[in-house]
Amino acid sequence: MSEEKSLNFIEEIIENDLAEGKYDKIVTRFPPEPNGYLHVGHAKSICLNFGLAKKYGGKTNLRFDDTNPSTEETEYVDSIKEDVKWLGFEWANELYASDYFEALYQFATALIKKGLAYVDDSTSDEIAEQKGTPSAAGKRNQYADRTAEENQILFEEMRAGRYPDGSKVLRAKIDMASSNMLLRDPIIYRIKHAHHHRTGDDWCIYPMYDFAHGQSDSIENITHSICTLEFIPHRPLYDWLIEKLEIFPSHQYEFARLNITYCIMSKRKLLQLVTENFVSGWDDPRMPTISGMRRRGFTPESIREFCDKIGVAKRENLIDFGLLEFCVREHLNRISFRRMVVFDPVKLVITNYEEGRVEMMQSENNPEDENGGNREVPFSRELYIEREDFMETPAKKYFRLAPGQMVRLKSAYIIKCDDVIKDSAGEIVELRCSYLPESKSGGDSSGLKVKGTLHWVSVAHAVAAEIRLYDRLFTAENVDAAEGDFKDYINPYSLQVIQTAFAEPALSGSNLIDRYQFIRKGYFCLDKDSTAEKLIFNRSVTLKDAWAKEVKKS
RNA sequence: UGGGUUAUGGUGUAAAGGUAGCACUACAGUUUUUGGUACUGUCUGUCUAGGUUCGAAUCCUAGUAACCCUACCA
């Protein structure tokens with residue numbers, strides 16, 4: 001059987017907890033804030049949280065962390081649900097931090113009663129000032145001395161809308177001298193007279209992250225609350241609140257977020273790319289968003305495989321984008337239909353092939369799939385081949401077409417180039433070739449072996465298509481570490497459009513879910529911009545190209 | 001002389017005192033009607049300096065580096 005895979009540190013913690021009988025079942029959650037679209041970094045978290053529950057027989061909630069009405073929208077909620085589902089996961093419950101606003105308010109009241117929270121009238125500047133710095137302790141102000149009764153009344157009045165935004169906050173009373181800034185009497189409620197996408201105008205005070213997240217975890221009996229490294233300093237506060245509130249003890253564990261070369265993973269920056277029109281939208285195929293990758297033609301299987309391969313640990317990492325591409329190719333190779341499309345055509349005439357004759361050639365849909373079947377490809381006297389597949393004076397080791405040189409036309413005949421026709425500018429306009437009738441695919445009795453095989457499309461049967469080729473969105477390997485503004489590193493050539501490529505007729509019936517390999521070109525899928533009149537294909541990823549490497553070397 | 005976290009090939013990630021392994025990348029080859037796929041092989045690594053031990057990536061001591069923490073964001 002398969003060798004047992006080593007556990008990541010979170011799996012180890014869970015297996016220990018389970019072995020000790022700390023829990024019967026584990027409960028995890030995926031807690032996005034609905035203020036942007038999900039990206040591949042979220043995919044890592046989704047695969048982790050849902051994957052753990054699946055592996056250890058537990059469940060996972062989808063919980064929207066919607067405590068800041070000024071940045072959150074229903075559009076984002078909808079996109080997040082769609083993306084999680086598309087990735088192949090099912091949540092046990094669809095929940096919202098805003099469902100708990102009343103419970104959270106009661107928790108705050110409990111803290112006030114215990115003398116562990118107070119209403120502070122200071123301005124935000126004053127609060128920042130009194131907070132000190134990492135190396136200098138903060139100071140408590142006179143508001144911290146208010147009685148529980150006074151705080152209770154003030155907090156009720158805050159809720160009732162008696163005070164304007166920013167005039168008062170509720171703070172936990174912990175330790176202004178703590179070396180952990182988050183324990184220096186953190187703000188847990190602020191006044192925001194803002195319309196919330198779910199609770200409307202019911203509230204004008206909203207809990208802060210630290211007073212919502214852990215409490216929501218606790219309410220849902222989350223056993224393992226998994227987040228990223230930057231929340232490590234929040235853990236003492238997370239634990240403090242649970243302890244003082246005497247509620248279900250959820251525990252927080254932190255792992256390193258995903259970074260990928262030539263990508264940005266900050267929602268703020270991605271939003272900027274969208275609003276400033278550097279890309280066509282959140283689902284632009286160049287975006288590292290789940291919706292972008294979906295439109296690009298990446299499969300959920302390949303993204304899950306990627307998340308599995310990158311592992312889970314606590315050290316900062318920068319994953320090679322090539323690994324994602326590898327996972328995409330690996331899956332697409334198994335499932336995609338092979339088709340022929342010529343991007344940059346040059347006409348090829350087979351002089352000894354009868355005019356008007358058309359043969360339907362059989363070509364396999366997928367050599368990786370024995371049961372994949374064949375499709376028919378029309379062959380005739382006039383064809384298009386790729387301009388780069390001919391060289392008048394061939395480079396060494398070039399085994400494509402050249403004067404006097406023979407190649408096979410994929411699933412058809414072996415041909416030989418006899419003549420090159422140029423226009424007055426010296427541009428090649430036509431290649432005149434002859435074919436070997438006895439070399440037909442499937443019944444080749446020519447005895448000849450040729451090194452090159454070319455893809456082709458019959459001129460008379462060609463279907464026009466637009467092709468969109470994508471390259472990395474940024475020119476810097478580590479965009480976040482690069483000097484200056486990230487927008488300075490946007491790759492101006494990240495999108496290249498081929499207006500008119502020529503496709504074999506089988507492609508005319510394409511639909512959005514089909515995946516293709518355009519032979520010798522790469523993996524492609526239909527774009528949603530396609531119409532009945534116009535086919536548009538996105539390149540998901542190129543094929544590995546040994547010849548390109550060879551050329552680069554010299 | 002603030003606190004916290006992390007250091008293993010080019011990139012990730014394993015090894016819980018006992019052969020430094022796996023994947024990607026790179027390179028070389030075999031097969032091939034895709035210069036694809038598949039297959040085979042090769043290169044490259046324990047942050048530094050001491051110490052404990054028969055034996056250290058792992059334990060101890062002292063350094064070094066990177067990242068995080070001073071939002072009424074999450």
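Reminder, nothing fancy here: chain letters follow the sequence lines and each chain counts from 1.
Taking the six-membered ring for Trp and the full ring otherwise, the centers of A:Tyr105 and A:Phe155 sit less than 6.0 Å from each other. Side-chain rings of A:Phe298 and A:His331 stay apart, their centers remaining 6.0 Å or farther from each other. Between A:Phe524 and A:Phe537, the distance from one ring center to the other does not fall under 6.0 angstrom. Between A:His213 and A:Tyr209, a ring centre-to-centre spacing shorter than 6.0 Å is recorded. A distance below 6.0 Å separates the ring centres of A:Phe502 and A:Tyr384.
At a threshold of 4.0 angstrom between heavy atoms, the contacts of A:Arg400 include nucleobase atoms, whether or not backbone atoms are also involved. Among the protein residues, A:Tyr209 comes within range of the nucleic acid bases, having at least one heavy atom under 4.0 Å from a base atom. Across all strands shown, A:Tyr189 has no heavy atoms under 4.0 Å from either base or sugar-phosphate atoms. Note on A:Ser167: nothing from the nucleic acid sits closer than 4.0 angstrom, heavy atoms only. Among the heavy atoms of the strands, none lies under 4.0 Å from A:Leu454. Within the 4.0 angstrom heavy-atom criterion, base atoms lie near A:Phe399. Using a 4.0 Å heavy-atom criterion, one finds that A:Glu550 contacts no nucleic acid atom at all. Within 4.0 Å of A:Thr261, counting heavy atoms only, lies no atom of the nucleic acid at all. At a threshold of 4.0 angstrom between heavy atoms, the contacts of A:Tyr523 with the nucleic acid are absent. Using a 4.0 Å heavy-atom cutoff across all strands shown, A:Pro32 reaches no nucleic acid atom at all. Within the nucleic acid shown, A:Gly442 comes within 4.0 Å of at least one base atom, counting heavy atoms only. Among the heavy atoms of the strands lying under 4.0 Å from A:Lys397 is at least one base atom, whether or not backbone atoms are also near. Nucleic acid contact class of A:His234 (heavy atoms, under 4.0 Å, all strands): base. Residue A:Ile519 is classed as a base contact, given a heavy-atom separation below 4.0 Å to a base.
Salt bridge annotation for A:Glu11-A:Lys55: present, with a cationic side-chain nitrogen under 4.0 angstrom from a carboxylate oxygen. Note on A:Lys440 versus A:Glu359: salt bridge recorded, some NZ/NE/NH1/NH2 to OD/OE distance being below 4.0 Å.
One can place CZ of A:Phe231 at 10 Å from P of B:rA74, the figure rounded to the nearest angstrom. One interatomic measurement links the two molecules: CG of A:Asp320 to P of B:rC24, which rounds to 12 Å at whole-angstrom precision. The OH atom of A:Tyr253 sits 18 Å away from the C1' atom of B:rG4 (whole-angstrom rounding).
Put simply, A:Arg268 has no side-chain N or O that comes within less than 4.0 Å of OP1 or OP2 on B:rA71. When the side-chain nitrogen and oxygen atoms of A:Arg339 are compared with OP1 and OP2 of B:rU34, none of them lie within a distance under 4.0 Å. Applying the 4.0 Å criterion to OP1 and OP2 of B:rU37, one finds that A:Arg329 has every side-chain N and O outside that range. Side-chain N/O atoms of A:Arg190 include one lying less than 4.0 angstrom from OP1 or OP2 on B:rC73. For A:Arg338 and B:rU37, the shortest distance from a side-chain N or O to OP1 or OP2 is not below 4.0 Å. OP1 or OP2 of B:rA26 lies within a sub-4.0 Å distance of a side-chain N or O belonging to A:Lys549. Residue A:Lys553 places at least one side-chain N or O closer than 4.0 Å to OP1 or OP2 of B:rA28.
The base of B:rU33 sits with one of its N or O atoms less than 3.5 Å from a complementary donor or acceptor on the side chain of A:Arg408. No hydrogens or angles were tested; on distance alone, nothing pairs the side chain of A:Arg184 with the base of B:rU70 as donor and acceptor under 3.5 Å. Taking only distance into account, the side chain of A:Glu254 never meets the base of B:rU5 through a donor-acceptor pair shorter than 3.5 Å. Evaluation of atom-type donor-acceptor distances gives a pair under 3.5 Å for the side chain of A:Glu368 against the base of B:rG36.
B:rA14 is unpaired under the Watson-Crick or G-U wobble criterion, no partner having all donor-acceptor distances under 3.5 Å. Using N1 to N3 plus N6-O4 or O6-N4 for Watson-Crick, or N1-O2 and O6-N3 for G-U wobble, each under 3.5 Å, B:rU46 pairs with nothing.
Checking B:rC68, B:rU70, B:rC73 against every side-chain atom of A:Thr133, the shortest atom distance belongs to B:rU70. Among B:rG36, B:rU6, B:rA74, the nucleotide with an atom closest to any side-chain atom of A:Ala546 is B:rG36. In this structure, the nucleotide among B:rG36, B:rA74, B:rU33 sitting nearest to the side chain of A:Leu543 is B:rG36. Out of B:rU34, B:rU25, B:rU33, the shortest distance to the side chain of A:Arg520 is found at B:rU34. The side chain of A:Ile232 lies closest to B:rU5, out of B:rG35, B:rU37, B:rU5. Nearest to the side chain of A:Lys314, among B:rA14, B:rC24, B:rU5, sits B:rU5. The side chain of A:Asn317 sits closest to B:rG12 out of B:rG12, B:rA74, B:rA71.
Here, B:rA74 and B:rU37 have their C1' atoms 44 Å apart, quoted to the whole Å. A distance of about 26 Å separates the P atoms of B:rG12 and B:rG4, rounded to the whole Å. Annotation: B:rA62 and B:rA20 have their P atoms spaced 30 Å apart (nearest Å). Look at the C1' atom in both B:rG3 and B:rU70: the space between them is 12 Å, to the nearest Å. Of the P atoms belonging to B:rU44 and B:rC39, the separation is 24 Å, rounded to the nearest Å. B:rU11 sits 15 Å from B:rA26 when the P atoms are compared, rounded to a whole Å. For B:rC72 and B:rU1, the C1' atoms lie 33 Å apart once the distance is rounded to whole Å. Spacing between B:rC22 and B:rG36 at atom C1', rounded to whole Å, works out to 25 Å.
A donor atom on one side chain and an acceptor atom on the other are not found under 3.5 Å apart for A:Glu364 and A:Asn374. Side chains of A:Arg408 and A:Ser439: no donor on one and acceptor on the other come within 3.5 Å.
Between the side-chain ring of A:Trp547 and the base of B:rG35, a stacking contact exists by the 5.5 Å and 30° definition.
Atom CG of A:Asn61 and atom CD of A:Glu220 lie 4.5 Å apart (nearest 0.5 Å).
Of the two residues near RNA chain B, A:Ser135 and A:Val169, the one whose nearest nucleotide lies more 5' is A:Ser135. Taking for each of A:Leu7 and A:Ser124 the nucleotide of RNA chain B with the nearest heavy atom, the 5'-most of the two is the partner of A:Leu7.
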